[in-house]
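Written out below as structure tokens is the structure these notes cover.
Here is how names work: the chains are called A, B, and so on, in the same order as the sequence lines, proteins then strands, and each is numbered from 1. This structure is a prediction, so every number in the text was calculated from the model and none was measured.
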Amino acid sequence: MRLSRSFIPTMKETPAEAQIASHRLMLRAGLVRQTSAGIYAWLPLGYRVLRNIERIVREEQNAAGAQEVLMPTIQSAELWRESGRYDDYGKEMLRIRDRHERDMLYGPTNEEVITDLFRQSVYSYRELPQILFHIQWKFRDEVRPRFGVMRGREFLMKDAYSFDMDFAGAVVSYRTMMLAYMRTFQRMGLKAIPMEAESGPIGGDLSHEFIILAPTGESQVYYDAGFEDIDWVNAKFDYNAQDLEAFFRQMTSMYAATDEKHDVAKWDKVDPARRREGRGIEVGHIFHFGTKYTKAMNATVTAADGKHVHPEMGSYGVGVSRLVGAVIEASHDAAGIIWPDSIAPFKAAILNLRRGDAACDAMCEALYAKLGAAALYDDREERAGAKFADADLMGHPWQIIVGPRGAAAGNVELKRRATGERIELPPDAALARIA
RNA sequence: CGGGGCGUGGCGCAGCCUGGUCAGCGCGCCUGUUUUGGGUACAGGAGGUCGUGGGUUCAAAUCCCGCCGCCCCGACCA
């Protein structure tokens with residue numbers, strides 16, 4: 001994309017409403033614009049990041065054997081009356097009435113709809129287990145939206161739902177999602193730590209929240225350094241019951257807790273050299289809640305012995321839009337965002353420091369032709385300083401800097417955003433380095 | 001939901017208390033010159049129902065009331 005033709009409105013100054021780093025940077029770098037309290041429009045740069053995060057989440061869900069569906073945003077109140085949550089959910093649920101005076105709602109979550117779909121279509125134990133997921137917009141009418149997309153009212157969420165014949169099966173599904181999550185977050189360049197959690201209004205008895213480390217996180221966390229060392233993406237765990245048990249044992253053998261559930265006695269037993277404290281942001285939450293919904297909504301399957309049983313369920317959420325803000329909280333500096341390669345909107349920016357200079361123009365056009373959609377070409381009539389500042393602000397992993405001095409010598413300068421390291425080299429060598 | 005604050009060109013703000021050349025400043029934007037490796041400098045220019053409705057007054061951005069919107073602190077949450 002040519003920056004001169006793009007809709008990427010960057011700002012030098014920060015709108016007054018933005019308090020935290022990620023919100024300020026998302027506004028300044030032109031990723032989003034607020035349309036009303038807790039509701040945002042995603043602009044090209046931000047939308048690219050959102051889709052990249054979504055893509056990784058989707059790939060890992062598929063790899064874990066979950067199947068993607070897409071459920072509606074608008075739901076019927078009837079289903080929620082069946083589960084008993086229509087009255088329980090309170091004002092956070094946005095209630096709507098259609099032209100026939102039917103009570104509808106904008107879905108804050110999808111347990112009812114998925115359970116309804118399941119009971120309509122699945123009748124036999126032979127069809128279990130099933131894990132279904134979708135990535136869809138949710139609405140929760142938060143009393144106090146804040147922190148930009150991190151606590152919006154409308155947000156994009158991946159939610160998955162598992163159905164198993166019994167508790168043992170449900171545990172396997174639960175661990176499957178847990179492993180998928182560790183891989184998902186790692187691929188986004190995040191250190192995520194699962195912590196035991198209260199299961200809250202969804203109900204249930206087994207629950208973990210996934211906290212990523214960021215200096216500006218909302219809650220204080222305590223954890224074993226072991227979590228930092230494990231490479232989950234390449235770990236030799238497969239999605240079978242044995243591997244998952246080993247994985248889960250390893251996961252739960254290390255101490256991890258938010259300040260709410262912090263157990264000083266247990267903490268004292270952790271090797272002091274391995275104790276880590278920090279701030280964290282919740283980006284995912286998984287629950288096992290058994291037959292709460294299958295019983296309330298009478299979803300049954302026939303077991304091998306001919307009896308009708310209520311399947312065991314779990315639900316598994318990832319805050320996709322929240323992750324955009326969370327990644328920035330975890331990865332930025334005074335100059336701007338520092339995108340991890342895997343989710344960056346563009347792999348590289350090409351900075352033409354002297355538009356109109358034949359050598360610079362030719363070199364930039366050649367680079368742009370080769371990189372194509374992976375590059376944002378800054379061909380604006382701006383001063384070098386403005387281009388540097390905007391490139392740093394937008395956080396592209398690489399900057400290919402083309403100036404008259406280097407161009408005359410046949411070189412460009414390659415800058416790594418994360419480290420600030422710059423080297424001068426020929427264009428092809430720069431492309432090879434990036435690829 | 002309790003407490004606090006704010007709405008003035010695209011962004012950041014001043015002006016309000018003490019109504020009357022107060023509609024202004026910086027950034028951004030447009031034009032020209034200049035500069036050319038970290039947001040250059042100079043000159044000229046465009047752009048505002050002062051959130052909104054009502055009231056007080058000879059006169060309201062300024063005072064009073066209602067409404068709407070947004071933000072912050074706390075409790076709650078992917």
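- In terms of the ring-ring contact (aromatic ring centres under 6.0 Å, His included) criterion, residue partners of A:Phe139 (sequence neighbours excluded) are, by chain and number, A:Tyr106.
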- Query: Using a cut-off of 4.0 Å between protein heavy atoms and nucleotide atoms, how would you tag nucleotides 70-76 of chain B 5' to 3' with B, S and -?
  - Reply: SSBBBBB
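- When both distances must be under 3.5 Å, the Watson-Crick or G-U wobble mate of B:C70 is B:G5.
- Here the C1' atom of nucleotide B:C77 and the CZ atom of A:Phe139 are 14 Å apart, to the nearest Å.
- Comparing the C1' positions of B:G15 and B:U21 gives a spacing of 14 Å, expressed to the nearest Å.
- Side-chain N/O atoms of A:Ser219 and A:Glu260 include no donor and acceptor closer than 3.5 Å.
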Show me the protein contacts with nucleotides 50-53 of chain B, counting only N or O atoms at under 3.5 Å.
none

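- Taking the C1' atoms as reference points, B:A59 lies 7 Å from B:G20, given to the whole Å.
- Rounded to whole angstrom, the span from the CE atom of A:Met195 across to the C1' atom of B:A78 amounts to 16 Å.
- Computed from coordinates, the A:Ile211 CD1 to B:C77 P distance equals 13 Å when rounded to whole Å.
- One C1' atom belongs to B:G12, the other to B:C71, and the distance between them is 15 Å to the nearest Å.
- At the heavy-atom level, A:Glu282 lies under 4.0 Å from the strands shown only through sugar-phosphate atoms.
- Of all nucleotides present, only B:G55 satisfies the Watson-Crick or G-U wobble test against B:C63, with each distance under 3.5 Å.
- As rounded to the nearest Å, B:G45 and B:C58 have P atoms that lie 40 Å from one another.
- Among the heavy atoms of the strands lying under 4.0 Å from A:Gly152 is at least one base atom, whether or not backbone atoms are also near.
- On the P atoms, B:U40 is 26 Å away from B:G24, given to the nearest whole Å.
- Using a 4.0 Å heavy-atom criterion, one finds that A:Ser321 contacts no nucleic acid atom at all.
- With sequence neighbours excluded, the residues that form a salt bridge (charged side-chain N to carboxylate O under 4.0 Å, His left out) with A:Glu68 are A:Arg58.
- Residues satisfying the side-chain contact (heavy atoms from CB on, under 4.5 Å) criterion with A:Arg433, sequence neighbours excluded, are A:Trp398, A:Leu414, A:Ile423, A:Leu425.
- Among the heavy atoms of the strands, none lies under 4.0 Å from A:Arg33.
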Please list, one pair per line, the donor and acceptor atoms closer than 3.5 Å that link side chains of residues 153-163 of chain A to other protein atoms, with sequence neighbours excluded.
| from | atom 1 | to | atom 2 | distance (Å) |
| --- | --- | --- | --- | --- |
| A:Arg153 | NE | A:Ala37 | O | 2.8 |
| A:Arg153 | NH1 | A:Asp141 | OD1 | 2.9 |
| A:Arg153 | NH2 | A:Ala37 | O | 3.1 |
| A:Lys158 | NZ | A:Gln61 | OE1 | 3.3 |
| A:Lys158 | NZ | A:Tyr181 | OH | 2.7 |
| A:Lys158 | NZ | A:Tyr316 | O | 3.1 |
| A:Asp159 | OD1 | A:His134 | ND1 | 3.0 |
| A:Asp159 | OD1 | A:Lys138 | NZ | 2.8 |
| A:Asp159 | OD2 | A:Tyr161 | OH | 2.5 |
| A:Tyr161 | OH | A:Asn110 | N | 3.0 |
| A:Ser162 | OG | A:Gly314 | N | 3.3 |
| A:Ser162 | OG | A:Tyr316 | OH | 2.7 |

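- Close placement of the A:His262 and A:Tyr255 rings is indicated, their centers lying within 6.0 Å of each other.
- For A:Asp378 and B:G39, the CG to C1' distance is 12 Å, given to the nearest whole Å.
- The local environment of OH in A:Tyr47 is sparse, with at most 12 non-hydrogen atoms from other residues, nucleotides or ligands closer than 6.0 Å.
- In this entry the distance linking CE of A:Met26 with C1' of B:C11 reads 18 Å, nearest Å.
- In this structure, a donor-acceptor pair under 3.5 Å is present between the side chains of A:Tyr40 and A:Gln34.
- The gap from the P atom of B:C42 to that of B:G4 amounts to 46 Å, rounded to the nearest Å.
- Remark: B:A41 base-pairs with B:U33. Criterion, Watson-Crick or G-U wobble with two distances under 3.5 Å.
- Nucleic acid contact class of A:Val283 (heavy atoms, under 4.0 Å, all strands): sugar-phosphate only.
- Counting to the nearest Å, the P atom of B:G69 and the CD1 atom of A:Ile39 are 12 Å from each other.
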- Task: Do nucleotides 28-38 of chain B as a string where each nucleotide becomes B, S or -: B if the base has a protein heavy atom under 4.0 Å, S if just the sugar-phosphate does, - if no protein is that close.
- Result: SS-----BSBB
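- Nucleotides B:G26 and B:A41 place their P atoms 13 Å apart, quoted to the nearest Å.
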N/O donor-acceptor pairs under 3.5 Å from side chains in residues 347-356 of chain A, not counting sequence neighbours:
| from | atom 1 | to | atom 2 | distance (Å) |
| --- | --- | --- | --- | --- |
| A:Asn352 | OD1 | A:Arg354 | N | 3.2 |
| A:Asn352 | ND2 | A:Asp361 | OD1 | 2.9 |
| A:Asn352 | ND2 | A:Tyr377 | OH | 3.0 |
| A:Arg355 | NH1 | A:Asp379 | O | 2.9 |
| A:Arg355 | NH2 | A:Glu381 | OE2 | 3.2 |

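- Closest to the side chain of A:Lys91, from the set B:C1, B:G39, B:G26, is B:C1.
- Residues forming a salt bridge (charged side-chain N to carboxylate O under 4.0 Å, His left out) with A:Glu382 (at least two apart in sequence, or on another chain): none.
- B:G2 and B:C67: their P atoms are spaced 14 Å apart (whole Å).
- A tilted orientation is assigned to the rings of A:Tyr174 and A:His208, their planes being inclined by 30° to 60°.
- Remark: B:G24 base-pairs with B:C13. Criterion, Watson-Crick or G-U wobble with two distances under 3.5 Å.
- A search for side-chain contact (heavy atoms from CB on, under 4.5 Å) contacts involving A:Ala235 returns A:Phe237, not counting sequence neighbours.
- Judged as a salt bridge (charged side-chain N to carboxylate O under 4.0 Å, His left out), and not counting sequence neighbours, the contacts of A:Glu59 are A:Arg55, A:Arg187.
- In this structure, A:Arg51 has no salt bridge (charged side-chain N to carboxylate O under 4.0 Å, His left out) partners at least two apart in sequence or on a different chain.
- Nearest-nucleotide mapping onto RNA chain B: of A:Leu156 and A:Met11, the residue sitting toward the 5' end is A:Met11.
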